[in-house]
Amino acid sequence: MNSRDSESNAMHSGGGPQAPAAPLRMEALVSLCARRGILHPSGEIYGGLNGFWDYGPLGVELKNELKALWWRRVVRERDDVEGMDGAIITHPRTWQASGHVEHFSDPMVDCRACQRRFRADQLADAPDCEAEASGQHDFTEPRDFNLMLETNIGASRDAASLAYLRAETCGSIFPAFKRVRDAARQRVPFGIAQIGKAFRNEINPRNFTFRSREFEQAELEFFCRPGETGKWFEHWLDQRLRFHRELGFGEQVLRTRAHGPDELAHYCGRAMDIEFRFPFGWQEIEGIHDRGSYDLSQHAEFSGKDLSEFDEQEKQRFVPEVVETSVGVDRTLLALLCNGYAEEALPDGERRTLLRLAPLVAPIKLAVLPLSKKLAEPARRLAADLRRSFQVFYDDSGNIGRRYRRQDEVGTPWCATWDFDSQQDGAVTLRDRDSMKQERVAASRVGGWLRERLEAAP
Ligand code: GAP
């Protein structure tokens, strides 16, 4: 268990000379996301469920692209990392061993007047009391509120059937350490990576998807020899910063923040947050943690199984230490949306909204647009051909300017227009989302053209 990110600490630390000229209004982004099928409140027709979100047709593509990029960089392109996909509900002893059952809590207060609950460390941001004319709350003393979401397994509902939805995906990695190591014939140093859902009964879900009750994490637990943890910490911090830069996060929106001694969990030697500058302040999107040998030692003790390794050089056993990288998929996706969102005036006096998403993760790579419905047939053929390798969208409704705007708004990096000349020269006009520059390319070359650009990205 790690010390949890502290929103209130970071809320006020950004700004200054790095602030962007026109701050994004979150309402505009929230509205775009719902309107264009990126994401919306879960159970919306019933009024929504606080802290739960559904991703729509474009949102699921964007999320899948983001996860696939992480998987490629962290797992596929390395021979010292193995993947796994563990159960969301793992053995309840897991969470006793990790300390979550006892300690995974936030300080909470109740207001005696309006009956609402707040996180005691975020009171500066609490809305006014609805029951008191003065707006002042009448708070109880803070007490700990455990964030684990509980469920029961089987037909009975008693202490023996109690189980937990995992609060962090690594909960299923540590108990599987020995099995994965032996099955994959690995020896430390090596890592186990996983992407999956995590659940926390947050007291105040807020800032769109930033703090949700159900979310996805992409985590790597990298096991190494004691004495080499520092080296691997630096290595993974560097790798993870590269990843965020690949997403297009420049230094004006990306920074690292080391945890002070008072923020560190007792077993954690060192922790570094990677923070993004959201419209609501600098906030953690990823944590890199030196967890020491805490996890394997705890699980060895609670399970009675030996999770140590034999050091051939030293001729002795040791318990591997862990460097963890833990990134929120939904938070990173929110950062992508905030970073990409822009409203621009065009030379003809019109305005456009656009999402400058890195092409590697854009939910649609190319839109194929016939200039007229009369050209639908060859344009559809081109789209069908390209669809075998790329996410391609076909659209023949409305004027071409409006169709470009619709693609700009969802971050499609390129549009291919099939016009009347295409019938003669077999070429299409390719238009770039950001510069709006156009170039003529043979229709048969569009696939190669796209591949070159995606490989050259960012
Ligand atoms: N295994 C370590 C761990 O879970 P954490 O700092 O609690 O560490 C890691 O979480 C990442 O998970 C965070 O940096 C954040 O991106 C994401 N995350 C945590 N709580 C979240 C929440 N309530 N909603 C959305 N994302 C969350």
Side-chain angles (χ1 to χ4, degrees), residues 1-7 9-10 39 42 50-53 55 63 66-67 70 86 90 94-95 98-100 103-106 119 122 145 147-149 164-175 191-222 236-237 240-241 243-244 247 249 254-259 263-265 267-268 270-276 278 280 282-292 294-295 298 322-338:
M1 192 180 53
N2 275 288
S3 53
R4 295 175 16 84
D5 56 342
S6 165
E7 201 166 337
N9 280 350
L39 71 125
S42 188
N50 198 7
F52 297 88
W53 300 92
Y55 287 82
K63 209 179 197 199
L66 181 56
K67 291 191 283 186
W70 186 90
T90 184
T94 306
W95 304 108
S98 66
H100 279 76
H103 299 298
F104 193 56
S105 52
D106 276 338
R119 244 174 88 164
Q122 291 174 0
F145 174 74
L147 302 178
M148 297 284 285
L149 269 161
Y164 305 93
L165 307 193
R166 65 184 176 201
E168 50 182 8
T169 54
C170 61
S172 42
I173 293 181
F174 298 119
I192 305 178
Q194 177 171 224
I195 300 178
K197 292 272 189 179
F199 301 81
R200 295 181 189 178
N201 199 4
E202 297 285 355
I203 298 167
N204 288 135
R206 51 205 246 142
N207 288 329
F208 202 10
T209 59
F210 180 82
R211 189 175 297 290
S212 305
R213 289 178 166 140
E214 174 176 341
F215 54 94
E216 271 186 282
Q217 290 182 315
E219 295 199 301
L220 165 74
E221 308 304 321
F222 196 84
W236 281 108
L237 176 60
R240 299 305 304 142
L241 283 169
F243 177 87
H244 291 291
L247 297 179
F249 301 161
L254 197 66
R255 73 177 187 188
T256 53
R257 187 182 73 84
H259 281 212
E263 293 175 271
L264 292 174
Y267 55 81
C268 198
R270 185 180 168 201
M272 185 75 85
D273 286 348
I274 298 179
E275 294 188 336
F276 177 84
F278 287 97
F280 41 88
W282 284 100
Q283 299 287 349
E284 173 193 339
I285 52 175
E286 173 152 8
I288 320 289
H289 311 120
D290 164 359
R291 300 176 68 116
Y294 174 77
D295 302 283
Q298 287 290 105
V322 170
V323 173
E324 172 184 72
T325 73
S326 176
V327 67
V329 176
D330 311 78
R331 264 190 206 180
T332 307
L333 193 147
L334 181 60
L336 274 167
L337 296 173
C338 292

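Just follow the structure's listing: the first ligand is 1, and inside any ligand the first atom is 1.
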Output the list of atoms in ligand 1 that are nearer than 4.0 Å to some heavy atom of Glu168, sorted by atom number. 1 (N), 2 (C), 3 (C), 4 (O)
Any side-chain heavy-atom pair of Glu286 and Arg331 under 4.5 Å: no
Non-hydrogen atom of Asp330 closer than 4.0 Å to ligand 1: no
Does ligand 1 come near enough to Val327 that some N or O of the ligand is less than 3.5 Å from an N or O of the residue? no
Looking only at non-hydrogen atoms, which of Ala271, Ser212, Ala198 approaches atom 23 (N) of ligand 1 most closely? Ser212
Looking at Asp330 and Lys63, does any basic side-chain N land under 4.0 Å from a carboxylate oxygen? yes
What about Glu219: any of its N or O atoms under 3.5 Å from an N or O on ligand 1? yes
So is there a nitrogen or oxygen of His289 less than 3.5 Å from a nitrogen or oxygen in ligand 1? no
Is it the case that ligand 1 has an N or O less than 3.5 angstrom from some N or O of Cys170? no
Numbering as shown, the atoms of ligand 1 that approach Glu324 to under 4.0 Å (heavy-atom distance): 1 (N), 2 (C)
Could you walk me through whether Glu263 and Arg257 satisfy the salt bridge (charged side-chain N to carboxylate O under 4.0 Å, His left out) test, starting with their C-alpha distance in whole Å, then the side-chain angles of each, then the deciding distance to 0.1 Å, before giving a yes or no? CA-CA 12 Å; Glu263 293 175 271; Arg257 187 182 73 84; 3.0 Å; yes
What I want to find out is whether Lys67 reaches Glu216 closely enough, with some N-O distance under 4.0 Å, to be called a salt bridge. yes
Honestly, for Arg211 the part within reach of ligand 1 (heavy atoms, under 4.0 Å) is both
Please confirm whether the ring centroid of Phe210 lies under 6.0 Å from the ring centroid of Phe280. yes
Judging by distance only, is a nitrogen or oxygen of Gly328 under 3.5 angstrom from one on ligand 1? yes
What class does the angle between the rings of Phe276 and Phe249 fall in, given that below 30° is parallel, 30 to 60° is tilted and above 60° is perpendicular? tilted
When you look for heavy atoms under 4.0 Å from ligand 1, do you find them on the side chain of Arg291, its backbone, both, or neither? side chain
Is a salt bridge present between Arg213 and Glu202, judged by a nitrogen-to-oxygen distance below 4.0 Å? no
